[in-house]
Amino acid sequence: LHETVDVVGRGAAPYMAHVVGFDPEAVADRGLRLAGTWEVVGTTGRWPEVVNLWEVVDGWDGWTRLARRTNLTKASNAELAGWWDEAYRHRTGGTDRLLASAPGAPDPTAEAAAGRRGEVAVHERTVVRPGAGPDYLAALLEEWAPAAAARGVHLVGAFEVLMTDVEVITT
């Protein structure tokens with residue numbers, strides 16, 4: 001799950017801390033695992049904005065649990081209501097995208113668990129020709145990733161955006 005979140009003023013840091021403190025067991029019925037949260041640098045993209053990348057646990061079954069717990073039955077989810085109340089102090093809205101990892105791409109959750117950190121992350125949403133996402137990502141993994149790694153830049157994830165055939169996400 002890829003989120004671009006519109007934050008209020010200088011609210012990125014407190015919002016990101018709130019995201020890191022999120023308890024998926026209680027709030028999302030075990031549906032999520034955080035892979036990363038980043039603040040967009042003002043000279044590189046839309047701001048003020050935060051990007052969150054989540055692993056949806058257990059594939060479509062996990063997504064179903066997550067959708068049920070955080071949307072369909074959200075009125076009875078007291079833990080989520082408290083979380084959202086605090087989150088809305090720092091954000092005004094955003095956009096979510098469901099992703100599928102490209103074959104052979106690194107697992108961002110595993111990268112985070114292994115301690116992959118950086119001062120700067122390059123996170124891109126790329127528009128491709130309709131249907132060209134898999135070929136684009138295969139070329140990126142085969143050609144770009146090794147050349148970048150030789151310069152100390154490491155690919156953390158490469159994804160097709162589900163429900164469209166014209167977007168990919170890389171980080």
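In what follows, residues are counted from 1 in the order of the sequence shown.
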In one Ile/Leu/Val/Met/Phe/Trp/Tyr side-chain cluster, 4.5 Å: L34, W83: yes
Heavy-atom closest contact (A35 atom, A112 atom, distance): O-CB, 3.5 Å
Shortest non-hydrogen contact from A87 toward Y15: CB-CE1, 4.0 Å
Nonpolar side-chain network containing L155, other nodes, edges under 4.5 Å: V128, Y136, L137, L140, L141, W144, V153, V168
Main-chain N/O of V161 paired with T164 side-chain donor or acceptor, under 3.5 Å: no
Minimal non-hydrogen separation, G152 against H154, with atom names: O-CD2, 3.6 Å
Minimal non-hydrogen separation, G11 against P14, with atom names: O-CD, 3.3 Å
Sole candidate of V51, V5, T37, V7 that passes side chain to side chain contact (heavy atoms under 4.5 Å, CB included) when paired with M16: T37
Point-to-point distance, once rounded to the nearest 0.5 Å, from CZ of R129 to CG of D165: 11.0 Å
Geometric class of the W54/F22 ring pair [parallel <30°, tilted 30-60°, perpendicular >60°]: perpendicular
Verdict with supporting geometry, H2 and H123, side-chain contact (heavy atoms from CB on, under 4.5 Å): CA-CA 11 Å; H2 175 269; H123 185 83; 2.8 Å; yes
Spacing of D96 atom CG and E3 atom CD [to the nearest 0.5 Å]: 4.5 Å
Pair E124-T171, side-chain contact (heavy atoms from CB on, under 4.5 Å): steps then yes or no: CA-CA 6 Å; E124 296 179 313; T171 193; over 6 Å; no
Minimum heavy-atom distance between P108 and P106, given as atom pair plus value: CD-O, 3.4 Å
Short side-chain to backbone donor-acceptor contact, R89 and D85, under 3.5 Å: no
Reference residue W38; test side chain to side chain contact (heavy atoms under 4.5 Å, CB included); the match among N52, L53, V50: L53
Hydrophobic cluster identity match, W63 and L1, side-chain contacts under 4.5 Å: yes
From CA spacing to verdict: side-chain contact (heavy atoms from CB on, under 4.5 Å), E49, D6: CA-CA 5 Å; E49 189 173 75; D6 302 324; 4.1 Å; yes
Over 12 non-hydrogen atoms of neighbours within 6.0 angstrom of CZ in R97: yes
Within one Ile-Leu-Val-Met-Phe-Trp-Tyr cluster: L162 and L32, side-chain cutoff 4.5 Å: yes
Whether W84 and Y88 hold their rings parallel, tilted or perpendicular, with breakpoints at 30° and 60°: tilted
Connected via hydrophobic side-chain network under 4.5 Å: V19 and V156: no
Note, L99 side chain near E160 side chain (heavy atom, < 4.5 Å): no
Verdict with reasoning, R65 to D58, per side-chain contact (heavy atoms from CB on, under 4.5 Å): CA-CA 9 Å; R65 280 196 321 271; D58 300 331; 3.0 Å; yes
V57 with F159, same ILVMFWY side-chain cluster at under 4.5 Å: no
